[in-house]
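In what follows, a single structure is set out as structure tokens and then discussed.
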Amino acid sequence: VQLRASGGGLVQAGGSLRLSCAASGSIVRITDMGWYRQAPGKQRELVASMTSGGSTNYADSVKGRFTISRDNFKNTVDLQMNTLKPEDTAVYYCNADRVIVPGTWRQYAYWGHGTQVTVSS
């Protein structure tokens, strides 16, 4: 299973960006898909996640500004980021958790490569 993320870049404060991530490979089901971020000198933190049933979880710092969406059939997850702030600057990572692949009921977690988001003041 591979996760491919796209959409990062440089934007001025107050602007918007949209991150997209697609999971490929032999997949039976992905329960959780989401986005994490890691700023220099800080730990990786959850930004937003969504279950296959549609339940969402957002970091307090992004509530009201970011919106997560996913397509369970296409195994994709997007993050619409509005009203961006300099403190949103980080490397953003796509995550798929509680993934079931053919041949086993074990659940796995996968990470995509990071995509840089830089917000200038």
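Hydrogens, waters and symmetry mates are skipped; everything else that's a heavy atom, side chains included, is used. Everything quoted here is computed from the prediction, not taken from an experiment.
Formation of a donor-acceptor pair under 3.5 Å by the R4 side chain with backbone atoms of A22 is not found in this model. With hydrogens and angles disregarded, no donor-acceptor distance shorter than 3.5 Å links the side chain of T67 to the backbone of Q80.
Contact record, R37 with A90: CB-CB, 3.8 Å, taken as the closest heavy-atom pair. Counting all heavy atoms, side chain and backbone alike, R98 lies closest to D32 at NE-OD2, 2.6 Å. When all heavy atoms are compared, the tightest approach of I30 to A96 is CG2-CB, 3.9 Å. Closest of all the heavy-atom pairs between S121 and P86 is CB-CG, 3.8 Å. The shortest heavy-atom contact between A48 and L79 is CB-CD1, 4.1 Å.
No option in D97, N57, T56 other than N57 meets the side-chain contact (heavy atoms from CB on, under 4.5 Å) test with S49. If you run side-chain contact (heavy atoms from CB on, under 4.5 Å) between T89 and each of V11, V117, V119, L10, only V119 comes through.
Here R70 pairs with nothing under the salt bridge (charged side-chain N to carboxylate O under 4.0 Å, His left out) rule; sequence neighbours left out.
When hydrophobic clusters are built by joining Ile, Leu, Val, Met, Phe, Trp and Tyr residues whose side-chain heavy atoms come closer than 4.5 Å, directly or via intermediates, Y108 is not grouped with V28. Placement of V1 and W111 in two distinct hydrophobic clusters is found when ILVMFWY residues are connected by side-chain heavy-atom separations under 4.5 Å, directly or transitively. Note: the hydrophobic cluster containing V91 does not contain L84 (ILVMFWY, side chain heavy atoms under 4.5 Å, direct or indirect links).
A 4.5 Å side-chain heavy-atom check between M81 and L19 finds at least one atom pair inside the cut-off. Residues V99 and T31 are not in side-chain contact: their nearest non-hydrogen atoms beyond the backbone lie 4.5 Å or more apart. Side-chain contact check for M33 versus Y110: every heavy-atom pair is 4.5 Å or farther apart. Proximity of S69 to R18: side-chain heavy atoms (C-beta onward) are separated by under 4.5 Å at one or more points. Annotation: side chain of W35 is not in contact with side chain of N95 (no heavy-atom distance under 4.5 Å). Counting only heavy atoms from C-beta outward, the side chains of C94 and V77 approach each other to under 4.5 Å.
For the 3.5 Å distance criterion, the side chains of D78 and S20 qualify, holding a donor opposite an acceptor. A donor-acceptor pair shorter than 3.5 Å can be found between the side chains of S16 and N82.
Note on residues 55-105: no pairs pass ring-ring contact (aromatic ring centres under 6.0 Å, His included), not counting sequence neighbours.
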For a salt bridge (Lys or Arg N to Asp or Glu O under 4.0 Å) check, start with the C-alpha distance between D88 and K85, then their side-chain angles and the critical distance, and finish with the verdict.
CA-CA 5 Å; D88 295 318; K85 303 176 180 180; over 6 Å; no

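Counting heavy atoms of neighbouring residues, nucleotides and ligands inside a 6.0 Å radius, atom CD of Q2 does not exceed 12 of them.
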